[in-house]
Amino acid sequence: MTTFTIKSPFGLSKISIEDNGLQKLGAYIAEHHQEARIAVITDNNVAELYHDKIKSSLPNADIFVVEASEKSKSMKVAEALCEDLLEVGFGRNDVVVGLGGGMVTDLAGFVASVYMRGVPYVVVPTTLLSMIDAAVGGKTGVNLGAKNIIGTFYPAEAVLVDQAFLKTLPERELKTGMAEAIKYAAILDASLEEVLMAKKTDYQPILEKCIGAKVKVCNEDLKEGGLRKVLNFGHTLGHAIEFLSHYKLTHGESISIGIVLANQIAQNLGKQTKAHGDRVVEMLKKYNLPTDLPKGMKLAEVIGMVNRDKKMEGEKVTFILSPKMGQYEMVKLTPNELMKYLK
Ligand SMILES: NC(=O)c1ccc[n+]([C@@H]2O[C@H](COP(=O)([O-])OP(=O)(O)OC[C@H]3O[C@@H](n4cnc5c(N)ncnc54)[C@H](O)[C@@H]3O)[C@@H](O)[C@H]2O)c1
Ligand SMILES: [Zn+2]
């Protein structure tokens, strides 16, 4: 078992990477929340695959199933879940468990943070993306027109990461998580390159290195005042691409293209060698991730979207570059400058 800890104003958030995650969940709750009621929030795909295991680990839990869709990350669904909790007599010391991918963990974390001003929250991520990113570091949220407009910082008291869930994860979702792993390699941990290029079926080293990198960043800057912005590498343009594809591209596929464009900007600014950029592209290709804008999508449209990004500060956006494997640099650029360096 490998463990990490994030310090937050709400106390410690303990992340453990270990086998038999669902079984451990029951044991964890029995140890830390003996008398508590448990509400498991999950989506229909995960519920179908893991219902019996949830029941055997937490026989008395109420299970609330939302539709497996980004649309479930809404105030409407969050409110309905709060109503459900109230109906079953859920109180301040009872425990919300988020079991699923990032959609579920963002939603369940949000509900846990606002229901009765916050109840204990435990998370069991089931996608690679949620294991190495969404479930770690306490960002919760729901969408309101645009993504994550309403949300809180509320780190789960425990994050139980078990790679066994990845056995049932569709290939495309696995790829999406890999784009985030490549992000960590490019800006935070050069030693991930070798691990990712080896493409082994044991995810333990990938989980350890990626979670370790994110924990380090969150411990320095939980609320994204500074350093945490580095995690937006590939995301400023990636988010725009995801939106413009009408979500036909997954988050990871969009980020993959965003990373390639960020590298192009870095090279045109004289801050990255072509050899390093090519190495990153090689990693993305190893996992069949796209590296070009989809047909019909125009660069001007992508840059146009950046103007509406909630992370814009005045005229400029903090843009993250990767000068060398495992290293980052922040530059402030206007959308016009982004366009200039992409030509
Ligand atoms: N809070 C954060 O810091 C943060 C960071 C990154 C992303 N996010 C959010 O995460 C969300 C995306 O998360 P995601 O990529 O995990 O997608 P997701 O939660 O939508 O899951 C993808 C699909 O995989 C299915 N699934 C989940 N686990 C499975 C399993 N073990 N076996 C089979 N199928 C399984 C789901 O039902 C769904 O159909 C977005 O809403 C994004 O905004 C949040
Ligand atoms: Zn991401």
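Positions are given from 1 along the sequence. First listed ligand is number 1; within each ligand, the first listed atom is number 1.
Considering only non-hydrogen atoms, atom 21 (O) of ligand 1 lies nearest to Thr127 out of Ile132, Thr105, Thr127. When the heavy atoms of Gly102, Ala68, Gly100 are ranked by distance to atom 14 (P) of ligand 1, first place goes to Gly102. Closest heavy-atom approach to atom 4 (C) of ligand 1 within the set Gly151, Ala134, Gly137: this belongs to Ala134. Nearest-residue assignment for atom 43 (O) of ligand 1 (options Glu242, Lys214, Lys147; heavy-atom criterion): Lys147. Relative to atom 20 (O) of ligand 1, the option among Glu70, Glu224, Met103, Glu180 with the closest non-hydrogen atom is Met103.
Among all protein heavy atoms, the one lying closest to atom 9 (C) of ligand 1 is Asp106 OD2, 3.4 Å. The protein heavy-atom contact nearest to atom 7 (C) of ligand 1 is Leu129 CD2, 3.6 Å. Counting protein heavy atoms only, atom 35 (C) of ligand 1 is closest to Leu169 CD1, 3.6 Å.
Between Phe233 and Asn263 there is a side-chain heavy-atom pair separated by less than 4.5 Å. Two residues are said to be in side-chain contact when any heavy atoms from C-beta on lie closer than 4.5 Å; Lys139 and Glu224 meet this criterion.
Remark: ligand 1 and Leu49 share no N or O pair separated by less than 3.5 Å (distance only, no angle test).
To the nearest 0.5 Å, the span separating CG on Leu128 from CD on Glu180 amounts to 9.0 Å.
Annotation: salt bridge (charged side-chain N to carboxylate O under 4.0 Å, His left out) contacts of Glu253 (sequence neighbours excluded): Arg172, Lys175.
For the Zn ion (ligand 2), the tally of protein N/O/S atoms lying closer than 2.8 Å stands at 3.
Using a 4.0 Å cutoff on heavy atoms, His235 does not count as a contact of ligand 1. Within the structure, the closest approach of Glu173 to ligand 1 falls below 4.0 Å when heavy atoms are considered. Between Gly138 and ligand 1 there is no heavy-atom distance shorter than 4.0 Å.
Annotation for ligand 1: atoms under 4.0 Å from non-hydrogen atoms of Asp133 are 5 (C), 6 (C). Which parts of ligand 1 touch Phe165 is read off a 4.0 Å heavy-atom cut-off, strictly below it: atoms 30 (C), 31 (N).
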